[in-house]
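Accompanying notes for the structure given below.
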Amino acid sequence: MKAVIYARYSSDNQREESIEGQLRECSAFAERKGYTIVKTYADRAISGKKADNRPQFMQMIADSKQKLFDTVIVWKIDRFSRDKYDSVFYKNTLKKNGVSVISATEPIDDTPEGQLMESIFEGFSVYYIKDLSMKVSRGMTENVLNCKFNGGALTFGYQIDENKYFQLNPDTAPIVQDIFIRYAEGESARSILNLLIEQGVKNQRGKNLTYSFVTNILKNRRYLGEYRFKDTVVENAFTPLVTPEIFNKCQERLSANKRNPAHFKEVVDKYLLTGKIFCGHCGGTMSGVSGTSKTGTVHRYYHCRKAKLKKTCDKKRVQKDLIENIVVDYTMNILNDDKLINRIVNTCFELQSKDNTKLPVMTTRMKQIEKELDNVMSAIKQGIFSPTIKETLDNLEQEKADLESAIAKEKIERPTLSKEQIKYWICKFKMIDKDDDAQKQRLIDAFVNSIYVYDDKMLITYNYKDGEKCVDYDEIQKYIQKKENSDNRNDYQSSPINVFGEPSEIRTPDNLIKSQVLCRLS
């Protein structure tokens, strides 16, 4: 019987050995039962309350679909889950995949009594976590009422004395007061941050400051001396660092900036072809650049780095949006070619077996062992039996068991996808939202290898081999006309179009592309 072990501990205060102890006891249990362990899953310092927050647990559930193991061994049932719904749901999921859950230390089996015992253990686990939460909450509330430190991140500007009371930190408290006064008098949070960085100020963990460090200080009511936990609020719990008047003035400014954030919000341009687009003149990389015209319009381009920095190349800049949309559209067009998709699927499916050199060797050896076992059994049936035959039989059976475990482990580590799964993944790209940069980026990352841009053409190389395709000038004209007539594509049509260079001053047919776009699929 092939098994996997799942172990978990939930608190950083627990020793690392606590999870190793679980693994040790589960392994001993498996050895007593004659189970073969093919893989171990462990979530360290993660709560068992919600399953979807545990990456190794979810990986185990996903691997169970491959039907490569028969049971999951846990130290105790509460290691599997402390949420009753999650426990029932994921056990049913495993059961559908032919996998059971076994506790190494609790008397649970498949009998009605065992099922009842399992429900009792799960009930105690749910009770324990709720009771523990109430006790912790009650203790923290008591600390707040007594104005004592509750743990967690230390508030910048304060320090904790030996009795766990808040005291002003003589080094950082003046910094907090200065931040409030400067912001209340009209200085920007960015300017305050830059000044603090120049002064070498670090946060409470000794790390470099960020913009949120300043804004979080300005929003923190603890600097008014207010101590809050859930619904419990204690005024004047400790020495305040700011007056209510200054604090309220800062909140008014923060609120106004929140309603009108454009003056400080930094816009980060996303260039989808970064790392894949190259200059057709010199072969160098092209990077994203932007510029603002006299009218305030921002124009974005891809520019040859040698042309921009070293002036050793004469390649002009190319318009970002139009180039990206052409690449995306022509890439999506290949997804409509069913014959091509089937060839890609078949190639990917065959590559799986070529990439995995271990599995074919083990599979071949398994067939040889089964054949040898058949020969031995035939000899025994004919009455031929000796100590040598018995030793041979034992050795073959042991090797077969070891090989089955190795094969199961290899399939878990490197699962084989079916052709249907591969085709489903590829065809999902047909439904991407062309207005979503993240989805377009995934399409480009998956299919596009490189783009070379010349003055009269561009060369798109895809991540598979399929010959060449030439798109002539008339087709490009139709493509541009389609974009001009599209309501949601007018953002880059505000200037005359030249796909492979900068915007022309006058829009006439002569200024448009009088060339071809060559798309080579290789």
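Side chains are part of it too, since the values below use all heavy atoms of this structure and drop only hydrogens, waters and symmetry mates. Numbers here are sequence positions counted from 1. All figures in this text were calculated on a predicted structure; none of them were measured in a lab.
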Identify the two heavy atoms, one from [X] and one from [Y], that lie closest to each other, and give their separation to 0.1 Å.
X: Leu272; Y: Tyr302; answer: N-OH, 3.2 Å
X: Leu443; Y: Met332; answer: CD2-CG, 3.6 Å
X: Ile179; Y: Leu218; answer: CG2-CD2, 3.8 Å
X: Arg54; Y: Asp43; answer: CB-OD2, 3.2 Å
X: Arg182; Y: Ile192; answer: CB-CD1, 3.9 Å
X: Thr295; Y: Ser293; answer: OG1-OG, 2.9 Å

For [Y], is there any backbone N or O sitting under 3.5 Å from a side-chain donor or acceptor partner on [X]?
X: Glu235; Y: Gly225; answer: no
X: Asp161; Y: Tyr165; answer: yes
X: Asp70; Y: Lys2; answer: yes
X: Asn220; Y: Asn216; answer: no
X: Thr285; Y: Phe278; answer: no
X: Asn194; Y: Arg190; answer: yes
X: Thr172; Y: Gly157; answer: yes
X: Asn169; Y: Asp171; answer: yes
X: Tyr35; Y: Phe29; answer: no
X: Ser191; Y: Ser188; answer: no

Can a side-chain donor-acceptor contact be found between [Y] and [X] if the only test is distance below 3.5 angstrom?
X: Asn97; Y: Ser64; result: yes
X: Asn208; Y: Lys202; result: yes
X: Thr232; Y: Thr141; result: no
X: Gln59; Y: Asp63; result: yes
X: Thr331; Y: Tyr462; result: yes

Roughly how far, to the nearest 0.5 Å, is [atom2] of [Y] from [atom1] of [X]?
X: Cys313; Y: His303; atom1: SG; atom2: NE2; value: 8.0 Å
X: Cys26; Y: Ile37; atom1: SG; atom2: CD1; value: 8.0 Å
X: Ile422; Y: Cys427; atom1: CD1; atom2: SG; value: 11.5 Å
X: Ile444; Y: Asp437; atom1: CD1; atom2: CG; value: 9.0 Å
X: Lys311; Y: Lys306; atom1: NZ; atom2: NZ; value: 15.0 Å
X: Gln251; Y: Ile246; atom1: CD; atom2: CD1; value: 12.0 Å

For a 4.5 angstrom cut-off between non-hydrogen side-chain atoms, does [X] reach [Y]?
X: Gln421; Y: Trp425; result: no
X: Tyr183; Y: Leu254; result: yes
X: Phe180; Y: Ile217; result: yes
X: Glu226; Y: Val234; result: no
X: Met458; Y: Val327; result: yes
X: Thr461; Y: Ile451; result: no
X: Val74; Y: Ile102; result: no
X: Met1; Y: Thr71; result: yes

Q: Mark yes or no: Lys320 above the aromatic ring of Tyr271, with NZ or CZ under 6.0 Å from the six-membered ring centre and no more than 45 degrees from the axis.
A: yes

(Q) Applying side-chain contact (heavy atoms from CB on, under 4.5 Å) to Leu23 and Ile5, what does each step give before you reach the verdict? (A) CA-CA 7 Å; Leu23 297 176; Ile5 295 175; 3.7 Å; yes

(Q) Suppose we call two aromatic rings close when their centres sit under 6.0 Å apart. Are Tyr6 and Phe57 close by that rule? (A)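 Distance test on ring centres: under 6.0 Å, yes.
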
Does atom [atom1] of [X] have more than 12 heavy-atom neighbours from other groups under 6.0 Å away?
X: Arg222; atom1: CZ; answer: yes
X: Lys65; atom1: NZ; answer: no
X: Lys249; atom1: NZ; answer: no
X: Glu31; atom1: CD; answer: no

Q) According to the interplanar angle, ranging from 0 to 90°, do the rings of Phe429 and Phe447 count as parallel (below 30°), tilted (30 to 60°) or perpendicular (above 60°)? A)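 Geometry flag for Phe447 against Phe429: perpendicular rings.
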
Q) Under 30°, 30 to 60°, or over 60°: which ring-plane class applies to Tyr223 and Tyr158, parallel, tilted or perpendicular? A) parallel

(Q) Go through it in stages, so that I can follow the logic: the residues are Lys270 and Gln441, the test is side-chain contact (heavy atoms from CB on, under 4.5 Å), and I'd like the CA-CA distance, side-chain angles, deciding distance and then a yes or no. (A) CA-CA 10 Å; Lys270 180 71 173 176; Gln441 186 72 73; 3.4 Å; yes

[Y]/[X] salt bridge by N-O under 4.0 Å criterion:
X: Asp435; Y: Lys440; value: no
X: Asp445; Y: Arg442; value: no
X: Arg44; Y: Glu20; value: yes

Q.
Using the rule given for ring-ring contact (aromatic ring centres under 6.0 Å, His included), can you reason through Tyr90 versus Phe80, listing the C-alpha separation, both sets of side-chain angles and the distance that settles it, and then say yes or no?
A. CA-CA 9 Å; Tyr90 286 108; Phe80 186 82; 7.4 Å; no

Q: Take Gln159 and Leu168 through the side-chain contact (heavy atoms from CB on, under 4.5 Å) test and state the conclusion after the steps.
A: CA-CA 6 Å; Gln159 59 188 10; Leu168 296 183; over 6 Å; no

Q.
Could you go through Leu273 and Glu324, starting from their C-alpha distance and side-chain angles, then the distance that decides it, and tell me whether this counts as side-chain contact (heavy atoms from CB on, under 4.5 Å)?
A. CA-CA 7 Å; Leu273 305 180; Glu324 288 179 352; 3.9 Å; yes

Q: Sequence neighbours left out, what passes side-chain hydrogen bond (donor to acceptor under 3.5 Å, both in side chains) with Asn92? Give chain and number order.
A: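 So Asn92 forms no side-chain hydrogen bond (donor to acceptor under 3.5 Å, both in side chains) with any residue.
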
